[in-house]
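For reference, the structure is listed below as structure tokens.
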Amino acid sequence: MTKPVLVSGIQPSGRLHIGNFVGALRHFKELQDSGDYECLFFVADYHSITEPFRPDMKGKEVKDVVRMFLAAGLSPQKSTIFVQSHISAHTELAWIFSTLTPFGELSRMTQFKEKSVRQPSANIGLFTYPVLMAADILLYDTAVVPVGDDQLQHLEFTRTIARKFNAKFGKVFTEPKPLMTDIPRLMSLHDSEKKMSKSVPAGCLYLDDAPDDIRKKIASAVTDSGGKVRYSIKKGGGISNLMRIYGAFADLPMKDVEKVFEGKGYKEFKSALAELLIKKLSPFREARYSDKELEKVIAQGDKKARALADVKLTEVKKKIGLTR
Ligand code: TRP
């Protein structure tokens, strides 16, 4: 019996932050180690060029994602780790899918609407982003995709495309299901109303931050006026945000975090949080892989992914009558 296929991707755009760990990497490792899935993890570099970027940095950013994959415990023996742009079937299939996609459907995508207001001259790639994502997923007969809420709409779109293609040309694709993992919403350390984002570095904890930076950032993080380490979903607030970070890294529910800090003040809580982060992030800080090693991991994964993707693309082309 072959195992169900699991696929997920991370965009290479700047340094990864703790949101990438809490929302993706820690789950990727668990899913890989469960042995329940055939896992493919890739660097979504084509997606990342839909927003402003530096060509002289892109190669490093791609390798950095692979470095973080390895530091998180993903293993090239257990999982297929590859780079999207190295497998041309992704963009070829995306083209075919674009011909099945009504313009209006993409115009209604929440992420596109949000991103395009921020970028006055949004490009077509940003618009067709979900089409490429559908190709990423459907090329591998994917059963499950671990995603956060922000990508659910894209996954629903992927399922629609699969259904549409199958109905029109005959069954080729399986409809993937989202694998909802526990993803706490991490807010900026300086403004608990805003999402933690690498575009605001001061409020953002990077996976490879030095211990002193972690201490400084946590020490200056906003708290509340209450003075007690209590969690409130309704009110949100700085302390609840820090507690969510603590809970994610200590693997504890909020009521247990409250218990640990019962009768203690913010200062004590913050220093415990900083030390926990310093300890848990050490694999990322200390991840030393030479470019050669990373290139080898990528080449090995590319080869496996390409073999699967090419078979699927040929099948698709045949179905629509485009064969040599
Ligand atoms: N859009 C995803 C994100 O930004 C990245 C991504 C691209 C992805 N292709 C994918 C995730 C396929 C899962 C499956 O988070």
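Computed from heavy atoms alone, side chains included, the values below leave out hydrogens, waters and symmetry copies. In each ligand, atom 1 is the first atom listed, and ligand 1 is the first ligand listed.
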Mutual orientation of the aromatic rings belonging to Phe97 and Phe173 [parallel < 30°, tilted 30-60°, perpendicular > 60°]
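Rings of Phe97 and Phe173: perpendicular, over 60°.
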Are any of the side-chain nitrogens in Lys63 or Glu295 under 4.0 Å away from the carboxylate oxygens of its partner?
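Answer for the salt bridge query: yes.
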Which residue owns the protein heavy atom closest to [atom], what's the atom, and how far is it?
{"atom": "atom 9 (N) of ligand 1", "answer": "Asp136 OD2, 2.7 Å"}
{"atom": "atom 3 (C) of ligand 1", "answer": "Gln151 NE2, 3.6 Å"}
{"atom": "atom 5 (C) of ligand 1", "answer": "Gly9 O, 3.5 Å"}

Using a 3.5 Å cut-off on N or O atoms only, is [X] in polar contact with ligand 1?
{"X": "Tyr129", "value": "yes"}
{"X": "Gln84", "value": "no"}
{"X": "His154", "value": "no"}

Relative to ligand 1, is [X] under 4.0 angstrom through side chain, backbone, both or neither, heavy atoms considered?
{"X": "Val145", "result": "side chain"}
{"X": "Phe42", "result": "side chain"}
{"X": "Leu132", "result": "neither"}

Does NZ or CZ of Arg15 lie under 6.0 Å from the centre of the six-membered ring of Tyr206, at an angle within 45° of the ring axis?
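Output yes; distance and angle both within limits.
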Please confirm whether Phe42 and His86 have ring centers closer than 6.0 angstrom.
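No, they do not, as the ring centres are separated by 6.0 Å or more.
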Numbering the atoms of ligand 1 from 1, which are under 4.0 Å from a heavy atom of His47?
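Numbered from 1, ligand 1 contributes 7 (C), 9 (N).
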Under a 3.5 Å cutoff, is there a donor and acceptor pairing between the side chains of Ser107 and Lys113?
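Short answer, no.
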Pair Lys312, Asp141 - check salt bridge (charged side-chain N to carboxylate O under 4.0 Å, His left out), show working.
CA-CA 9 Å; Lys312 199 72 186 176; Asp141 290 327; 2.7 Å; yes
Of Phe69, Phe249, Phe28, the residue whose pairing with Phe21 passes ring pair (Phe, Tyr, Trp, His ring centres under 6.0 Å)
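Single ring pair (Phe, Tyr, Trp, His ring centres under 6.0 Å) partner of Phe21 among Phe69, Phe249, Phe28: Phe249.
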